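Quick notes on the structure that follows.
Source: prediction; values computed, not measured. Below, read A as the first sequence line, B as the second, and so on, with proteins coming before strands; counting in each chain starts at 1.
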Protein chains: 2
Amino acid sequence: MHTGIAGAVSRIEVSRTGTTAPDSRMGLAAPLDRIIVGDCIASLDSLADASVDLVFADPPYNLQLEHALTRPDQSLVDAVDDDWDKFASFGEYDAFTRRWLTACRRVMKPDAALWVIGSYHNIFRVGAILQDLGFWILNDIVWRKANPMPNFRGRRFTNAHETLIWATRSSSKRYTFHYEALKGGNDDLQMRSDWFIPLCTGDERLKGADGRKVHPTQKPEALLARVLLASSNPGDVVLDPFLGTGTTAAVAKKLGRRFIGLEQDPGYAAAAERRIAGVSPVTSAAVAAAPARRSEPRVPFLSLIEAGLIAPGETLRDQRGRHQALVRADGTLLLGPAVGSIHKIGALAQGLPACNGWTFWHVERAGAPVPIDDLRSAFRTAFKAAA
Amino acid sequence: MHTGIAGAVSRIEVSRTGTTAPDSRMGLAAPLDRIIVGDCIASLDSLADASVDLVFADPPYNLQLEHALTRPDQSLVDAVDDDWDKFASFGEYDAFTRRWLTACRRVMKPDAALWVIGSYHNIFRVGAILQDLGFWILNDIVWRKANPMPNFRGRRFTNAHETLIWATRSSSKRYTFHYEALKGGNDDLQMRSDWFIPLCTGDERLKGADGRKVHPTQKPEALLARVLLASSNPGDVVLDPFLGTGTTAAVAKKLGRRFIGLEQDPGYAAAAERRIAGVSPVTSAAVAAAPARRSEPRVPFLSLIEAGLIAPGETLRDQRGRHQALVRADGTLLLGPAVGSIHKIGALAQGLPACNGWTFWHVERAGAPVPIDDLRSAFRTAFKAAA
DNA sequence: TTTGCATATGAATCGCGGA
DNA sequence: GTCCGCGATTCATATGCAA
């Protein structure tokens, strides 16, 4: 599937703004916004420990595996025990998978995440090995293709999807996920695990001088964009160990992320280089981190009283006026004999184990109930303006 | 999760029309249209070689739940915490998987096929072991749930699908696939690998005397119907090694297939028996693929950006140009310091409690304002076949 | 009878930061 | 590292009761 593009390239500087990442314990500097041409494992081994925030991998389909699988003799063997000779090709693919995943794991920061995309030929093996290595699967995602190639012989279902696995380096709880941003771009409904995205065609598809596609499995930029928007921040370092013609790098540049691209094939790397050079980043306002409720500064309820937004002695009620509590000067609430935080007293009032007091309690303003969360927002706005 | 159903049952005859299959090389008769209560492996070992045409397996998923989960309203999610789903390690789960798959393989006819359903917790392991044992994967199928449980903490994508693997016993090319029937039931389009089917709820869901669900993971009959119609013939013997409350058997009976059901739990088996007794086979003329249910063609605003119909950084305006907002790369809008969906920001701009962003916002095309709803229509038209 | 509101629920690996 | 408390978080259906 090679075209006539480019010759031997040992290292390609992709961007004039390329810099290096801070030294790590290994004392090596990671080359940012560049493509490293060479063996994937060797290139990974040259990177510093804990230096990347996100990995996106589109690993190769093992040709040897394909060849071995077409052998006609498997039906003759009534397999109960493993026959090494028979499964040698799977074993080789597994060993390769284990090597590159292990190498990726080393260069990932502790809270980094990894994405892998594959089809039924390889994704089950990749997923099982991921788990064996200690990665922690967060979701499997289905890329539903808008326009898949039909099954010409009519012997199977149209292969209309590919599978992505999203996993953290370990089962530690911290990872990047822009939940609210994705929800906001989806009619205020949380984004599901099935994504409907067209194939990479038309102008987006890289063509050689002969008009033929440069790479057989070029992924759509829309797919990478959703991955990067969901699970990385502007400025994050995104590593693609099988860069191909550079979709990951192009989208990373467009969205204000840094990238490290590894590619064995100089032709692909050269095509990727030219492609990336032509990418203009979108404006920072279009990609700047959106304010998430979780990351907003904490506001003690007491601050609202101190700011005069709520008076000591006022009565708080729930939306429908079924529960009420008295505001004390110290920022606690009084309900019968009980004194406690807005959350504790809200939970107590409803007989529930927990409660978000900010959204549960209301004060009366101009004859209508106003959530105290609105007062908190006003406080934050005023505070920001003052600061 | 047991209900008060039934007591000890050693073998349950489900149908008065039950017969036995022809003797095999092992000289054992397979009990047809019956449920065998007992250990799955032992029961499989009691069946004759090469005696079944199709296997459908819904094995334990090995879910690894760490804590109780509550909905935002503090109600408790009734999770799958049954003993039968607990395994000490991946290694143990793998060994279990290898045992039952190997046992199934023996009782499958040479041209028989097998289906397994699972989630990301187990399906990668199952798929890899399938391949190791010599099964030949034909497709992986995605069951897209119409009404999945949301992700209550907003920490991941909604887990909106499960995966099925369809595989033959070996790489032999012969297997049953009713391509034309499925195509006919799908508006004369090839049936794709992503199926949109609702959860099993309402009257179809088996309830105990206490009104609670009998089985935590009962599958929808529509799913089994599509599987059996696609990959089996009337009169074929369908084996389910994890019958549960009998969906496979009930659909098999309805569609004129024979079944062998294995179930460890006498309570589940008894419920299945009663259920199956109430099933009437449909006339053979009516045994055709149920029309595919089409998902609602909801289009995320983000998809318009991904498709290049709107560029990140563009300005949206209302019809008369009195309000404007900036399009962000993630499909949210930016208005002053506020970031939110097209609906939220539309409402904010007008000072209204709600707004339909699709009709409110416009982009400029050829010097004239175009509602973004028109772009959505264009997107739908371009990809309507896949909805 | 119809309409509308309140409630129930589904295979789920479902916080985070400061002390 | 652990502990503790704040406070963030849900969608499509089905059903039952009230008006």
Between [N] atom [atom2] and [X] atom [atom1], what is the distance in whole Å?
{"X": "A/Gln190", "N": "D/dA12", "atom1": "CD", "atom2": "P", "value": "9 Å"}
{"X": "B/Gln74", "N": "C/dA6", "atom1": "CD", "atom2": "C1'", "value": "18 Å"}
{"X": "A/Phe360", "N": "D/dA8", "atom1": "CZ", "atom2": "C1'", "value": "16 Å"}
{"X": "B/Lys86", "N": "C/dA11", "atom1": "NZ", "atom2": "C1'", "value": "13 Å"}
{"X": "B/Asp78", "N": "C/dA12", "atom1": "CG", "atom2": "P", "value": "10 Å"}
{"X": "B/Asn62", "N": "C/dA12", "atom1": "CG", "atom2": "P", "value": "15 Å"}
{"X": "B/Phe157", "N": "D/dT9", "atom1": "CZ", "atom2": "C1'", "value": "17 Å"}
{"X": "B/Glu204", "N": "D/dA14", "atom1": "CD", "atom2": "C1'", "value": "13 Å"}

statement: So the stems of DNA chain C, runs of at least three Watson-Crick or G-U pairs (under 3.5 Å), are C:2-10 with D:11-19, C:15-19 with D:2-6

With sugar-phosphate meaning primed atoms plus P, OP1 and OP2, does [X] contact a base, only sugar-phosphate, or nothing at under 4.0 Å between heavy atoms?
{"X": "B/Asp58", "value": "base"}
{"X": "B/Asn159", "value": "sugar-phosphate"}
{"X": "B/Asp203", "value": "sugar-phosphate"}
{"X": "B/Ser119", "value": "nothing"}
{"X": "B/Glu162", "value": "base"}
{"X": "A/Ala167", "value": "nothing"}
{"X": "B/Pro220", "value": "nothing"}
{"X": "A/Arg192", "value": "nothing"}

query: Say you pick atom C1' in D/dT10 and the same atom in C/dA8; how far apart are they, in whole Å?
result: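 These two C1' atoms come out 13 Å apart once rounded.
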
Interatomic distance at C1', C/dT1 relative to D/dC17, whole Å: 15 Å

Atom [atom1] in [X], atom [atom2] in [Y]: separation rounded to 0.5 Å?
{"X": "A/Trp115", "Y": "A/Ile165", "atom1": "CH2", "atom2": "CD1", "answer": "10.5 Å"}
{"X": "A/Gln324", "Y": "A/Leu335", "atom1": "CD", "atom2": "CG", "answer": "8.5 Å"}
{"X": "A/Thr315", "Y": "A/Ile310", "atom1": "OG1", "atom2": "CD1", "answer": "11.5 Å"}

- request: Please confirm whether B/Arg125 makes a cation-pi placement over B/Phe90, using NZ or CZ under 6.0 Å from the six-membered ring centre and within 45° of the ring normal.
  value: yes

message: Tell me whether the NZ or CZ atom of B/Arg226 lies within the 45° cone about the ring axis of B/Trp195 and under 6.0 Å from its centre.
response: yes

message: Need to verify one output field. Residue with the more 5' nearest nucleotide on DNA chain D, A/Cys355 or A/Asp188?
response: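 Result of the comparison: A/Cys355.
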
query: Given that B/Arg71 and A/Ile342 both sit by DNA chain D, which one's nearest nucleotide is further toward the 5' end?
result: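 Taking each residue's closest nucleotide, the earlier one in sequence belongs to A/Ile342.
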
- request: Between A/Arg322 and B/Ala68, just flag the one whose closest nucleotide in DNA chain C comes earlier from the 5' side.
  value: A/Arg322

Does a nitrogen or oxygen in the side chain of [X] sit under 4.0 Å from OP1 or OP2 of [N]?
{"X": "A/His343", "N": "D/dC6", "result": "no"}
{"X": "B/Lys145", "N": "D/dC11", "result": "no"}
{"X": "A/Lys344", "N": "D/dG5", "result": "no"}
{"X": "A/Lys183", "N": "D/dT9", "result": "no"}
{"X": "B/Arg205", "N": "D/dT15", "result": "no"}
{"X": "B/Asn147", "N": "D/dC11", "result": "no"}

message: Here's a test for you: under side-chain contact (heavy atoms from CB on, under 4.5 Å), which of B/Thr201, B/Thr247, B/Leu199 qualifies with B/Gln218?
response: B/Thr247

- request: Check each of B/Leu114, B/Leu101, B/Asp240 against B/Val55 using the side-chain contact (heavy atoms from CB on, under 4.5 Å) test, and report the only one that passes.
  value: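 Output: one option passes, namely B/Leu114.
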
- request: Hey, can you tell me if B/Phe87 and B/Tyr93 have their rings parallel, tilted or perpendicular (30° and 60° cut-offs)?
  value: perpendicular

- prompt: In B/S/- notation, 5' to 3', how is nucleotides 14-19 of chain C contacted by protein heavy atoms closer than 4.0 Å?
  reply: BSS---

- request: Would you mind telling me which of D/dG7, C/dA11, C/dT9 lies closest to the side-chain atoms of B/Ser75?
  value: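 In terms of side-chain proximity for B/Ser75, the closest of D/dG7, C/dA11, C/dT9 is C/dT9.
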
- prompt: Quick one: side-chain hydrogen bond (donor to acceptor under 3.5 Å, both in side chains) partners of A/Arg192, sequence neighbours excluded?
  reply: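 Checked A/Arg192 against side-chain hydrogen bond (donor to acceptor under 3.5 Å, both in side chains); matches are A/Asp194.
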
- prompt: Does the side chain of B/Val251 reach to within under 4.5 Å of the side chain of B/Val238, using non-hydrogen atoms?
  reply: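 Counting from C-beta outward, B/Val251 and B/Val238 never come under 4.5 Å.
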
B/Lys219/B/Asp58 ion pair, N-O < 4.0 Å: yes

Lys/Arg N to Asp/Glu carboxylate O, A/Asp373 vs A/Arg376, below 4.0 Å: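 Yes, this pair counts.
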
